[in-house]
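As structure tokens, the structure follows; a few thoughts come after it.
Quick note on labels: first sequence line is chain A, next is B, and so on, each numbered from 1.
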There are 2 protein chains.
Amino acid sequence: MALSAPANMPLCGGDQIPVRLEKREVPVHSPKRVLFLDLVLSLFRLNGLLIAEGDAMTKQLGLTHARWKVIGAIALSSAGLTVPGIARVLGQSRQAVQRITDVMVEDGLLLYTENPKHKRSALVTLSEDGKETYNMLREVQDPWAIENTEDIPTEELETTLRLVRRLIKKFN
Amino acid sequence: MALSAPANMPLCGGDQIPVRLEKREVPVHSPKRVLFLDLVLSLFRLNGLLIAEGDAMTKQLGLTHARWKVIGAIALSSAGLTVPGIARVLGQSRQAVQRITDVMVEDGLLLYTENPKHKRSALVTLSEDGKETYNMLREVQDPWAIENTEDIPTEELETTLRLVRRLIKKFN
DNA sequence: GTGTAAATGACAACATGCTGACATTAATCC
DNA sequence: GGATTAATGTCAGCATGTTGTCATTTACAC
């Protein structure tokens with residue numbers, strides 16, 4: 001992706017002249033509306049950066065973000081997932097997930113296993129290769145997660161996760 | 001997108017049988033690493049839901065998420081943006097933004113205006129049509145932002161925004 | 001100034017994601 | 001049980017996004 005912007009820069013490009021359709025010095029103490037829209041824009045940006053991080057991290061494993069997202073969703077699920085279930089967890093269309101999982105089954109990373117609760121909709125599980133890949137994924141992902149949170153208080157992470165889930169519930 | 005999952009469901013599909021590669025009852029009080037990975041997965045999901053929200057909201061305006069993101073980034077910038085600048089704000093590649101802005105200039109929503117600071121890299125600005133579109137966008141976006149934050153304390157929004165920006169800075 | 005590195009525009013190839021449509025299966029209501 | 005509604009698999013068309021590459025311009029170190 002190759003990004004290199006000043007980081008807390010939701011409102012300026014850093015190298016341009018004023019246009020100013022709206023005044024917005026936002027750091028703190030701005031109305032909730034502005035705060036929220038800023039948050040949304042920042043979330044878009046963080047989303048892109050997280051995908052870039054993951055891709056860089058998993059390049060050596062031959063994974064792409066579409067793939068490690070699926071593997072991660074399956075591995076973190078405690079109950080087994082169908083294709084539409086993965087799509088719901090990832091906030092994507094079931095068709096997009098179906099295409100990825102089809103290829104990953106062909107590649108031997110995933111298996112479609114019988115679903116006792118649904119004749120047509122198979123459970124998507126990790127094959128032996130898939131589990132091995134997941135373990136290698138963990139080997140890079142865990143240190144990354146630890147490293148990037150060591151200076152962040154647990155309470156802030158919890159507050160953020162709670163808010164994010166609250167928003168997810170709203171938009172579901 | 002058509003999503004309808006139980007909302008705080010990072011770990012189960014809701015309609016499957018156990019697979020359990022890893023135990024993870026997460027609601028609170030889990031190690032930071034797990035908390036963080038949960039947050040990342042939730043952010044992916046929220047990202048998808050926010051895009052779906054925006055698309056539904058702007059359908060009548062003939063906008064797509066690629067377009068309202070660009071319009072939003074330009075409108076919220078206080079200093080004017082170049083194509084690579086928009087890409088940095090949105091966490092995308094400059095090529096993807098270039099393609100969208102080229103089409104939007106053709107469609108009369110944007111203008112490339114001379115950049116005194118850079119001979120080749122034009123500033124992207126809203127045309128009259130673009131400003132009108134942005135105003136219509138605001139008319140649906142503002143009530144949406146207000147409505148979705150009325151039950152959320154400002155402090156939580158600020159904490160979350162601060163954390164998100166902190167992560168952006170890390171991954172930049 | 002000069003040379004080197006970085007940023008930018010342009011193009012191509014490819015991966016990913018969405019919507020719409022249709023048929024089939026599952027769930028629900030009566 | 002039967003009918004209706006919802007969920008799922010499948011396919012097609014299209015929009016979006018990424019990487020790679022190359023030429024040009026800008027920025028920077030010396």
Fill in the blank from the handout: CD of A:Q92 to CG of B:N47, rounded to nearest 0.5 Å, is 9.5 Å
Completion exercise
Whole-Å distance, A:L81 CG to D:dA7 P, equals 17 Å
Practice task
Apply side chain to side chain donor-acceptor pair (under 3.5 Å) to A:K59 and list each qualifying residue two or more places apart in sequence or on a separate chain.
Solution key: none
Problem - d(CG, A:L63; C1', D:dT19) in whole Å - result: 17 Å
Practice task
Take atom CZ of A:R88 and atom C1' of D:dA6, then tell me their distance rounded to the nearest Å.
Solution key: 12 Å
Report all interatomic pairs (protein N or O, nucleotide N or O of nucleotides 11-16 of chain C) with separations under 3.5 Å.
residue, atom, partner, partner atom, Å
C:dT16, OP1, A:T64, OG1, 2.6

Problem - Residues that A:D102 engages under salt bridge (charged side-chain N to carboxylate O under 4.0 Å, His left out), provided they are two or more places apart - result: none
Handout entry: salt bridge (charged side-chain N to carboxylate O under 4.0 Å, His left out) partners for B:E128, two or more places apart
Key = B:K131
Handout entry: A:R99: partners by side-chain contact (heavy atoms from CB on, under 4.5 Å), with sequence neighbours left out
Key = none
Problem - Estimated bend of the helix from C:dG1-D:dC30 to C:dC30-D:dG1 (axis per five terminal pairs, rounded to 10 degrees) - result: 60°
Handout entry: Euclidean distance, atom CD1 of residue B:I51 to atom P of D:dG17 [Å, nearest integer]
Key = 8 Å
Completion exercise
In whole angstroms, the gap separating C1' of D:dT10 from OH of A:Y112 amounts to 12 Å
Fill in the blank from the handout: Nearest-nucleotide check on DNA chain D, B:K69 vs A:K59; residue mapping nearer the 5' end is B:K69
Problem - Length of the line joining A:Q98:CD and D:dT8:P, which is rounded to integer Å - result: 11 Å
Practice task
Report yes if a side-chain nitrogen or oxygen of B:S121 is closer than 4.0 Å to either non-bridging phosphate oxygen (OP1 or OP2) of C:dG9; otherwise report no.
Solution key: yes
Fill in the blank from the handout: Hits for salt bridge (charged side-chain N to carboxylate O under 4.0 Å, His left out) against B:D107, two or more places apart or cross-chain, chain-then-number order -> B:R67
Practice task
Output all residues satisfying side chain to side chain donor-acceptor pair (under 3.5 Å) with A:H118, sequence neighbours left out; order by chain, then residue number.
Solution key: none
Fill in the blank from the handout: Residues passing the side chain to side chain donor-acceptor pair (under 3.5 Å) test with B:T133, sequence neighbours excluded, are none
Filtered N/O pairs between nucleotides 22-29 of chain C and protein, under 3.5 Å:
residue, atom, partner, partner atom, Å
C:dT24, O2, A:R120, NH1, 2.5
C:dA26, OP1, A:K119, N, 2.9

Handout entry: Partner residues of B:W144 under the ring-ring contact (aromatic ring centres under 6.0 Å, His included) criterion, sequence neighbours left out
Key = A:F36, A:F171
Practice task
Indicate yes or no: at least one non-hydrogen side-chain atom of B:F44 is less than 4.5 angstrom from one of A:V89.
Solution key: no
Completion exercise
note: B:L50, atom CG; C:dG17, atom P; distance rounded to Å ~ 17 Å
Completion exercise
In whole angstroms, the gap separating P of D:dT18 from CG of A:N47 amounts to 10 Å
Problem - By side chain to side chain donor-acceptor pair (under 3.5 Å) - contacts of B:T160 (at least two apart) - result: none
